[in-house]
Amino acid sequence: MNEEKSLNFLEEIIENDLSAGKYQQIHTRFPPEPNGYLHIGHASSIHLNFGLAARYAGKCNLRFDDTNPITEETEYVDSIRNDIKWLGYQWDNEYYASDYFEQLYSFAIKLIEKNLAYVDDSNSDQIAASKGDINTPGTNSPFRDRTVEENLKLFTEMREGKYKDGEKVLRAKIDMAHPNLLFRDPIIYRIKHAHHHRTGDKWCIYPMYDFAHGQSDSIENITHSICTLEFIHHRPLYDWFIQQLEIYPSHQYEFARRNLTYTVMSKRKLLQLVNENYVSGWDDPRMPTISGMRRRGYTAKAIRNFCDAVGIAKRENIVDLGLLEHFVREDLNKNAKRVMAVLDPVKLVITNYEASKTELLEIENNPEQENGGTRQVPFSKEIWIEREDFMVVPPKKFFRLGPGLMVRLKGAYIVKCEDFKKDENGVVTEIYCSYIPESKSGNDTSGIHVKGTIHWVSIAHAIQAEVRLYDRLFKVENPAAETGDFKDYINEASLQTLSKVNMEPSLSIAKPGEHFQFLRKGYFSVDIDSNEEALVFNRTVTLKDSWAKAQQKS
RNA sequence: AGUUCCAUUGUGUAAUGGCAGCACAACUGAUUUUGGUUCAGUUAGUCUAGGUUCGAAUCCUGGUGGAACUACCA
């Protein structure tokens, strides 16, 4: 077995670089700004950067791009570190752009000395106005021709705190008529008298992205600096700074951001959902954040497999949420313990079963695992079954319970429906069945074969727990592309809470983070809100349900 | 409009001038003490018009369509 996996465009570049002897070892980095929680798009980038380093025996740094003190917080730093580890990756070095502030400052001095940067007293509006637009060249700032000495003095004063926010900026002196707007004398330092999460009040000037990112890459000797497509216009500027500064030539490569159906991915939008309480927090199980998916019950392995399957490319895309769910099911099918819980109960009485009797039945934990073991489940005369598993007038091919129909109770006996009771509204309240003693699971000598097997919970032994049924957060595939506010497309039914679900007693010791399959109902995981007194389960994903699908069609 | 990038079944991604393949989804059927899983199979694609070539998804030209850029955000 020698399955050749084709290379993506970055792997190709790297293999060429390596074989050409351009590098002895590659070095990548994952550079989040700590201004929000990581989401599935970041997972792709993490998987890419760490994966490339692992594949080619290189290194991958974690670098926080913390050059804007206004939006960045330690809470985000902690969550980011935690999420990366949870995904299964370990960085070689942990760095912060703020570690380089002194170095970056001296880079700026160097640029001034080369007469390639100047202090501009224009305000924000004036700078924007003189920038021109895509069809019109910009005009030079009146401050563009200050002398090197004057610029040096002014920039030093900026650092010393002599000026207020917005009063002055440092700009690179390039070309106000350049077709790439980023070359029209980009601002590289601005004044912000703000507290930084790491450097505190040491600085009141902060470098802009374009004067921090590539330089940080260079300082760390990053060989392949991988980012998303919207930075493609920045690449020439990235190279220009490196060239003028005469520092280590890192190279930038871009790939297309991953989008997912039925959700939004921009941090701005996600922050809105959190701040305006459409969700309970960044880790709400409906969020596309790593922490949300973890809480929902998605596994790290499933997410890694997903990233792998989706791959990378340079074209616009929107990946079907169903693909992610496929990998979640694939992993959970192999690993989640099967248990029984009845979400919407109706009582079933076994008329010929002794009222005082309880049997402990051995039921397999996972048919996918050879050594998955068994557990004991109590069985008695009165049990809960799923309301949808009984119909007064069953349609064709309904392999469940109805008047006169037989079904197997999972791991127990075959029962036959003899009668049922309705209330004044016509709602079925009780179902009466007889059981076949010779049909006991494991040593069935009855010779009877039934089409259907249903799950159940003994009423006398059931424990109760809260169950949260989650569905997609939005009603449309691509809410960001719809007209109007994306929040108009929120699925109001994305969370349904069932407060007292009956389930088998083995679940009483379930711990937060554990995964289960509620037989025939889906995968569920224990929420972080859960404790021994009050268990809470989140529905991770439903099982495929070809019966429901067939019913819907007819 | 200028610059840059992109275009392969419904979705995502391969094919690096030589048989258009894989996964998901959809649809059949078989197996099944989960209408799950598993197994077998089916449907379905190179945006368009030219050119180069023995041969083009691939290279070239034009067109069409989409995206990004005009923050003291990253």
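So that the names make sense, note that chain A is the first sequence line, chain B the second, and so on, each numbered from 1.
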| query | Should we count CZ of A:Arg159 as having more than 12 external heavy atoms under 6.0 Å? | reply | yes
Counting just side-chain N and O atoms, does [X] come under 4.0 Å of either OP1 or OP2 of [N]?
X        : N      : result
A:Lys397 : B:rG35 : no
A:Lys549 : B:rC27 : yes
A:Thr67  : B:rA74 : yes
A:Lys192 : B:rC73 : yes
A:Ser124 : B:rC72 : yes

If I take atom [atom1] in residue [X] and atom [atom2] in nucleotide [N], what distance separates them, rounded to the nearest angstrom?
X        : N      : atom1 : atom2 : answer
A:Arg472 : B:rA25 : CZ    : P     : 13 Å
A:Trp456 : B:rU34 : CH2   : C1'   : 14 Å
A:Asp165 : B:rC72 : CG    : P     : 14 Å
A:Phe516 : B:rG36 : CZ    : C1'   : 18 Å

| field | Aromatic-base stack, A:Tyr209 on B:rA74, cutoff 5.5 Å, angle under 30 | value | no
Is it the case that [X] places NZ or CZ above or below the six-membered ring of [Y], under 6.0 angstrom from the centre and within 45 degrees of the axis?
X        : Y        : answer
A:Lys314 : A:Phe255 : no
A:Lys416 : A:Tyr435 : no
A:Arg472 : A:Tyr262 : yes

Scan [range] for pairs that pass salt bridge (charged side-chain N to carboxylate O under 4.0 Å, His left out), counting only residues two or more places apart or in two chains.
range                       : value
residues 174-192 of chain A : A:Arg144-A:Asp185
residues 326-340 of chain A : none
residues 32-44 of chain A   : none

Ignoring hydrogens and geometry, is there a side-chain-to-backbone donor-acceptor pair from [X] to [Y] under 3.5 Å?
X        : Y        : answer
A:Ser250 : A:Ile222 : yes
A:Asn317 : A:Arg315 : yes
A:His233 : A:Leu182 : no

Under 3.5 Å, which protein N or O atoms sit close to an N or O of nucleotides 62-64 of chain B? Give each pair with its distance.
none

| said: Among residues 178-190 of chain A, which ones have heavy-atom contacts with RNA chain B below 4.0 Å? | reply: A:Leu181, A:Ile187, A:Arg190
| task | Kindly state which residues belonging to residues 327-345 of chain A come within less than 4.0 angstrom of RNA chain B, counting heavy atoms of the residue only, listed by number. | result | A:Asn333, A:Arg338
Tell me if the side-chain of [X] makes a donor-acceptor pair with the base of [N], cut-off 3.5 Å, by modelled atom types.
X        : N      : result
A:Gln517 : B:rU34 : yes
A:Thr453 : B:rU34 : no
A:His234 : B:rA68 : no
A:Arg408 : B:rU33 : yes

Among [options], which is the nearest nucleotide to the side chain of [X]?
X        : options                : result
A:Ser6   : B:rC69, B:rA74, B:rA14 : B:rA14
A:Glu368 : B:rC73, B:rG36, B:rG2  : B:rG36
A:Asn135 : B:rA1, B:rA25, B:rG35  : B:rA1
A:Arg520 : B:rG35, B:rC72, B:rA14 : B:rG35

Please classify the nucleic acid contact of [X] as base, sugar-phosphate, or nothing, using heavy-atom distances under 4.0 Å.
X        : value
A:Thr71  : nothing
A:Asn123 : base
A:Phe9   : nothing
A:Tyr206 : nothing
A:Gly452 : nothing

Under a 3.5 Å cutoff, is there a donor and acceptor pairing between the side chains of [X] and [Y]?
X        : Y        : result
A:Glu75  : A:Tyr37  : yes
A:Asp210 : A:His234 : yes
A:Glu386 : A:His455 : yes
A:Glu157 : A:Tyr163 : yes

Protein N or O to nucleotides 40-42 of chain B N or O, pairs below 3.5 Å:
none

| field | Letter per nucleotide, 5' to 3', of nucleotides 5-12 of chain B [B base touched, S only sugar-phosphate touched, - untouched; heavy atoms, 4.0 Å] | value | SSSB--SS
| task | For the residue pair A:Tyr100 and A:Tyr95, categorise the inter-ring angle as parallel (less than 30°), tilted (30 to 60°) or perpendicular (more than 60°). | result | tilted
List in chain and number order the residues that pass side-chain hydrogen bond (donor to acceptor under 3.5 Å, both in side chains) with [X], two or more places apart in sequence or in another chain; answer none if no residue qualifies.
X        : answer
A:Arg408 : A:Asp444
A:Glu72  : none
A:Lys475 : A:Glu492

| query | What about A:Phe9 and A:Tyr253, are their ring centers closer than 6.0 Å? | reply | no
| note | Comparing A:Ala548 with A:Val169, nearest RNA chain B nucleotide closer to 5' gives the residue A:Ala548
| Reading RNA chain B 5' to 3', how would its secondary structure be written in dot-bracket notation, given Watson-Crick and G-U pairs with both distances under 3.5 Å, brackets [ ] for crossing pairs and | for partners on other strands? | .((((((..((((....[..)))).(((((.......)))))....(((((..]....))))))))))).....
